[in-house]
Amino acid sequence: PGPFFAGCPTVQVLPGMFAEHLAECRALAGQADQELKRLKAAPEQERPAISAAAFSLLKQADDSLQSLQLQAKSAPSSDRAALAKEEAALREELKAKAKELDDARREFLLGGSSTDKLFLQREERRRASAVTNSLQRGTDRLKEANQLNAESEEIGIGALQELRRQRETMIRMKDNTTDLGSNMNEAERAVKELEKPQCSVM
């Protein structure tokens, strides 16, 4: 049994596990290659489904490649260089298949998920992930800013409507005051007329 550190056994990368993942990747690449050959000879109506199947196989191969990359990095130093070399050679083979799929898509005017993020080096994956996360944060901040702008606009519209109601109320009050003043003037004139001495008629 291996030594223990902090109560946990050490984990060693088995060359056999690396070989299994390597064989799995190559098998998936072979299946994708068969789909690509079918794609070029297939009737037009069958091409989208075959293209999607080829991409799915390449995506599975990329998942296995990531496992290989982790194993190569955590392997004993004596094995690390050889495993990294195997991983790099396989990655180039897989990238060639991805390019072949992209070329076929362009030739036959097919859509589909991008292969740009497949079969990257470990550091490239890390950078791509960082860029994606940064873009997502920027998108979230933009959504938040748009929401705040919409809320501010709604508040502004509400304030303008309230000011308009207050203005209309003040105009009505002014009109009523004017009418009241006019009525008081009329009443005052009427009172003065009543107060005038009445001429008696003989």
Side-chain angles (χ1 to χ4, degrees), residues 1-140:
F4 284 72
F5 296 92
C8 296
T10 57
V11 178
Q12 293 182 346
V13 178
L14 300 177
M17 188 184 300
F18 186 91
E20 287 175 10
H21 278 100
L22 194 66
E24 181 183 1
C25 282
R26 289 211 163 100
L28 290 166
Q31 294 176 48
D33 185 59
Q34 292 300 316
E35 293 296 323
L36 289 170
K37 289 176 180 176
R38 284 184 58 211
L39 178 62
K40 294 172 183 177
E44 182 178 355
Q45 65 272 18
E46 296 179 10
R47 287 173 184 161
I50 297 173
S51 172
F55 178 83
S56 177
L57 289 165
L58 291 175
K59 181 67 175 67
Q60 293 176 57
D62 184 59
D63 292 340
S64 290
L65 181 67
Q66 291 184 56
S67 296
L68 281 179
Q69 290 172 332
L70 290 173
Q71 291 171 21
K73 181 175 177 59
S74 56
S77 57
S78 57
D79 297 334
R80 200 171 299 160
L83 297 183
K85 184 177 179 181
E86 288 284 349
E87 181 273 327
L90 174 62
R91 179 160 37 83
E92 290 304 316
E93 293 175 24
L94 294 171
K95 285 173 70 174
K97 295 303 174 187
K99 183 178 184 304
E100 191 175 342
L101 175 59
D102 285 339
D103 292 342
R105 282 172 168 177
R106 282 192 292 270
E107 180 181 352
F108 299 121
L109 304 177
L110 300 171
S113 301
S114 173
T115 64
D116 291 346
K117 293 183 180 179
L118 298 182
F119 314 126
L120 301 176
Q121 293 181 10
R122 195 162 179 272
E123 288 302 318
E124 289 175 330
R125 290 184 194 277
R126 189 174 298 164
R127 287 195 295 270
S129 178
V131 169
T132 300
N133 291 337
S134 177
L135 289 174
Q136 184 60 50
R137 287 194 297 271
T139 300
D140 292 342

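For reference, positions follow the sequence shown, starting with 1.
Once rounded to the nearest 0.5 Å, the distance linking CG of L57 with CD of Q34 reads 10.5 Å. Taken from CG in D102 to CZ in F55, the straight-line distance is 9.5 Å, to the nearest 0.5 Å. From K59, atom NZ reaches atom OG of S113 across 9.5 Å, with rounding to the nearest 0.5 Å. We find the CD1-NZ distance between I50 and K40 to be 12.5 Å, quoted to the nearest 0.5 Å. The distance from the CG atom of L94 to the CG atom of L118 is 9.0 Å, given to the nearest 0.5 Å. To the nearest 0.5 Å, atoms CG (L68) and CE (M17) are separated by 11.0 Å.
Salt-bridge annotation for E93 and R26: present, with a side-chain N of the basic residue lying under 4.0 Å from a carboxylate O of the acidic one. The pair D103-R106 meets the salt-bridge criterion, with a side-chain N (NZ, NE, NH1 or NH2) lying under 4.0 Å from an Asp/Glu carboxylate O. Contact check on R91 versus E87 returns a salt bridge, with a Lys/Arg side-chain nitrogen under 4.0 Å from an Asp/Glu carboxylate oxygen.
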What's the verdict on side chain to side chain contact (heavy atoms under 4.5 Å, CB included) for L83 and E86, showing C-alpha distance, side-chain angles and the deciding distance?
-> CA-CA 5 Å; L83 297 183; E86 288 284 349; 5.5 Å; no

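Other residues, nucleotides and ligands contribute more than 12 heavy atoms inside 6.0 Å of the CD atom of Q45.
At least one donor-acceptor pair under 3.5 Å links the side chain of Q69 to the backbone N or O of L120. A distance-only check finds no donor-acceptor pair linking the side chain of S51 to the backbone of R47 [under 3.5 Å]. Judged by distance alone, with hydrogens and angles left aside, the side-chain atoms of R105 form no donor-acceptor pair with the main-chain N or O of L110 at under 3.5 Å.
Of all non-hydrogen atoms in F119 and D62, the two that sit nearest each other are N-OD1, 2.7 Å. In this structure, A75 and R80 approach most closely via the heavy-atom pair O-NH2, 2.8 Å. In plain terms, the two heavy atoms of H21 and S64 that are nearest each other are CD2-O, 4.3 Å. Closest non-hydrogen pair, F108 versus L39, comes out as CE1-O, 4.0 Å. Residues L58 and A98 share a closest heavy-atom pair of CD1-CA, 3.9 Å. In plain terms, the two heavy atoms of K97 and D33 that are nearest each other are NZ-OD1, 2.7 Å.
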